[in-house]
Amino acid sequence: MSIQKIHISNFTVFKDIDITFSKGCNLFIGENATGKTQLLKMLNNKNVEGQRSLFMNYDIESSGSEKITYIPVKDMLTHAKGFISMSEKYREFPFGKELIDIIKKSEQWQLKKIPDIAKNILSKLEMMMEGKVLYENEEFYIQKKNGEKVSFEHEAEGYKKIGLLWQLIMTENITENSVLLWDEPEANLNPKYIPDLVEIILELSRNGVQIFLTTHSYIFAKYFEVRRRNSDKILFHSLYKTENKGVLCESNPNFKDLKHNTISKSFEKLLDEVYDLNAGE
């Protein structure tokens, strides 16, 4: 089961666009204001009861019902205590549905046994954040290997991001035949862990999770090319602005073959400046 394609007509930055997705990993790049986050939110709003979901301005086609989890850039678990009750009390609560949903999913009961999908994953996540996630009295902590218990409020942003993924796996929100939408997974993460994170995402996709990611990072995107296996299903999607047709999308299984590749161009410009600087010494 997977989301196969989307057609968007006259919605936000999109005038008329069709995008076909991979059953494995889908990685979106593009300048700011090209609709990357908006696209993830459209997919998150999909009506999972039917195979085809028609909204006012976009049409999503899938092969069946999916369990969908959206991870926003903004950390929400730090604010978990009392958040859900406040959202239910006030009609005009100033947070989007996806931000409320991620807390609700994270607060669900943890499995006592490691699920099959995570046998090659959880140990890597625990290594990266130096512990496991603990949920007590509506608050999240990382229980460190040395016995220290650190609240999300005082934890490093990168550790919180890894902890959230660990928690979503252990609460069975990320399972085989589910969909993971993750906005800028590499943001605030120690660069040395980027290869590990890419391996974890690829392993999830090999276990039947369809994945949609956005990024501005050349290193993060490039590692998918470096670490992929021949059997891995990966599509890179570049959203780019046009003068009269709104934002369009170029898709390619190879990151290096994208013609509209703003992050590659920025990286190449840096290398040119480094070369010029060294040549002048």
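Only heavy atoms go into these numbers, but all of them, side chains included; no hydrogens, no water, no symmetry mates. Numbers for residues simply follow the sequence, beginning at 1.
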(request) Using a 4.5 Å cut-off on heavy atoms from C-beta on, say whether the side chain of Ile174 contacts that of Leu165. (result) yes
(message) Nearest 0.5 Å, please: how far is CZ in Arg206 from CZ in Arg228?
(response) 10.5 Å
(request) Taking all non-hydrogen atoms of both residues into account, name the closest pair between Leu202 and Cys25 and its distance. (result) CD2-SG, 4.2 Å
(message) Distance check, rounded to the nearest 0.5 Å: Phe152 atom CZ versus Leu134 atom CG?
(response) 10.0 Å
(request) Return each pair, listed once, that meets salt bridge (Lys or Arg N to Asp or Glu O under 4.0 Å) where at least one residue sits in residues 96-109; pairs must be two or more places apart or across chains. (result) Lys41-Glu98, Lys97-Asp101
(request) May I have the step-by-step check of side-chain contact (heavy atoms from CB on, under 4.5 Å) for Ile211 and Asn26, ending in yes or no? (result) CA-CA 6 Å; Ile211 298 172; Asn26 296 272; over 6 Å; no
(message) According to a hydrophobic-cluster definition based on side-chain heavy atoms being under 4.5 Å apart (Ile, Leu, Val, Met, Phe, Trp, Tyr only), do Ile71 and Ile84 belong together?
(response) yes
(request) Measure the CD1-CG distance between Ile234 and Asn252 for me, rounded to the nearest 0.5 Å. (result) 12.0 Å
(message) Just verifying a value: how many Å separate Leu99 CG and Ile102 CD1, rounded to the nearest 0.5 Å?
(response) 9.0 Å
(request) Group every Ile, Leu, Val, Met, Phe, Trp and Tyr by side-chain heavy-atom contacts under 4.5 Å, then state whether Leu235 and Ile29 land in the same group. (result) no
(request) Determine whether Met76 and Val73 fall in the same hydrophobic cluster, where Ile, Leu, Val, Met, Phe, Trp and Tyr are linked whenever their side-chain heavy atoms lie under 4.5 Å apart. (result) no
(message) To check you understand the geometry: which heavy-atom pair defines the closest contact between Lys192 and Pro195, and what is its length?
(response) O-CD, 3.5 Å
(message) Checking side-chain polar atoms at under 3.5 Å, does Thr215 have a donor or acceptor matched by the opposite partner on Glu186?
(response) yes
(message) Quick check: do Met127 and Asp196 have side-chain heavy atoms less than 4.5 Å from each other?
(response) yes
(message) To the closest 0.5 Å, what do you measure between OG1 (Thr37) and CZ (Phe28)?
(response) 11.5 Å
(request) Kindly assign one of parallel, tilted or perpendicular to the pair His237 and Phe21, based on the angle between their ring planes and the thresholds 30° and 60°. (result) perpendicular
(request) Compare all side-chain heavy atoms of Asn45 with those of Tyr58 and state whether any distance is below 4.5 angstrom. (result) yes
(message) Distance alone, cut at 3.5 Å: any donor-acceptor contact between the side chains of Thr69 and Asn173?
(response) no
(request) Locate the shortest heavy-atom distance separating Met42 from Ile8; write the atom from each residue and the value. (result) SD-CD1, 3.7 Å
(request) Mind checking side chain to side chain donor-acceptor pair (under 3.5 Å) for Thr34 and listing every partner two or more places apart, or none if nothing turns up? (result) none
(request) With sequence neighbours excluded, tell me which residues meet side chain to side chain donor-acceptor pair (under 3.5 Å) with Lys81. (result) none
(request) Answer yes or no on whether Lys149 is positioned over the face of Tyr141, meaning its NZ or CZ is under 6.0 Å from the six-membered ring centre and within 45° of the axis. (result) yes
(message) Is there a path of hydrophobic side-chain contacts, each under 4.5 Å between heavy atoms of I/L/V/M/F/W/Y residues, joining Val133 to Trp109?
(response) no
(request) Please collect all ring-ring contact (aromatic ring centres under 6.0 Å, His included) contacts where either partner lies in residues 167-186, sequence neighbours excluded, each pair once. (result) none
(message) For a 4.5 angstrom cut-off between non-hydrogen side-chain atoms, does Leu164 reach Ser106?
(response) yes
(message) If hydrophobic residues (ILVMFWY) are linked whenever their side-chain heavy atoms come closer than 4.5 Å, directly or via other members, who joins Val150 in its cluster?
(response) none
(message) Is any side-chain heavy atom of Tyr70 closer than 4.5 Å to one of Leu40?
(response) yes
(message) I want to check something: taking the side chain as every heavy atom from C-beta on, are Thr20 and Gln4 in contact at a cut-off of under 4.5 Å?
(response) no
(message) Show, in sequence, the C-alpha distance, side-chain angles and deciding distance for His216 and Asn32, and conclude whether the side-chain contact (heavy atoms from CB on, under 4.5 Å) test is met.
(response) CA-CA 9 Å; His216 288 285; Asn32 289 332; 3.4 Å; yes
Listing, residues 114-123 side-chain donor-acceptor contacts under 3.5 Å, not counting sequence neighbours, or none:
from   : atom 1 : to     : atom 2 : distance (Å)
Asp116 : OD1    : Lys119 : NZ     : 3.0
Asn120 : ND2    : Glu203 : OE2    : 3.4

(request) Check the pair Trp166, Gln110 against side-chain contact (heavy atoms from CB on, under 4.5 Å), reporting the backbone distance first and the verdict last. (result) CA-CA 10 Å; Trp166 188 97; Gln110 280 186 7; 3.4 Å; yes
Can you give me every donor-acceptor pair (side chain of residues 218-225, partner residue at least two apart or in another chain, under 3.5 Å) with its distance?
from   : atom 1 : to     : atom 2 : distance (Å)
Lys222 : NZ     : Glu225 : OE1    : 2.8
Glu225 : OE2    : Phe255 : N      : 2.7
Glu225 : OE2    : Lys256 : N      : 3.1

(message) Minimum heavy-atom separation for Val247 and Ala33, please, with both atom names.
(response) CG2-O, 4.5 Å
(message) Using the side chain to side chain donor-acceptor pair (under 3.5 Å) criterion, which residues pair with Glu184? Sequence neighbours excluded.
(response) none
(message) So which atom in Leu213 and which in Pro185 form the shortest heavy-atom distance, rounded to 0.1 Å?
(response) CD2-CG, 3.8 Å
(message) Holding to side chain to side chain contact (heavy atoms under 4.5 Å, CB included), I want the full list of residues that pass it with Leu248, two or more places apart in sequence or in another chain.
(response) Tyr240, Thr242, Lys245
(message) So, taking the atom named CG in Asn207 and the one named OG1 in Thr175, what distance separates them when rounded to the nearest 0.5 Å?
(response) 10.5 Å
(message) If only side-chain N and O atoms count, and only distance matters, is there a donor-acceptor pair under 3.5 Å linking Glu172 with Gln108?
(response) no
(message) Contact between Asp59 and Ile6 at the side-chain level, heavy atoms closer than 4.5 Å - yes or no?
(response) no
(request) Could you walk me through whether Thr214 and Asp183 pass side-chain hydrogen bond (donor to acceptor under 3.5 Å, both in side chains), step by step? (result) CA-CA 5 Å; Thr214 70; Asp183 206 356; 2.4 Å; yes
(message) Within the 4.5 Å heavy-atom criterion, are Glu250 and Leu258 side-chain neighbours or not?
(response) yes
(message) Can you confirm whether more than 12 heavy atoms, excluding those of Lys23, are under 6.0 Å from its NZ atom?
(response) no
(request) Return the set of residues passing side chain to side chain donor-acceptor pair (under 3.5 Å) with Ser205 (not counting sequence neighbours), or none when no residue passes. (result) none
(request) With sequence neighbours left out, write down each residue that passes side chain to side chain contact (heavy atoms under 4.5 Å, CB included) with Asp16, or none if nothing qualifies. (result) His7
(request) Enumerate the residue pairs fulfilling side chain to side chain donor-acceptor pair (under 3.5 Å) with a member in residues 151-165, sequence neighbours excluded, ordered by first and then second residue. (result) Asp75-Lys160, Thr78-Lys160, Glu130-Tyr159, Lys144-Glu155, Ser151-His154, Glu157-Lys160
(request) Mark yes or no for whether Asn261, through its side chain, and Ser264, through its backbone, hold a donor-acceptor pair below 3.5 Å. (result) yes
(request) Run the numbers on Leu43 and Ile3 for side-chain contact (heavy atoms from CB on, under 4.5 Å), then give the verdict. (result) CA-CA 8 Å; Leu43 297 176; Ile3 301 175; 4.1 Å; yes
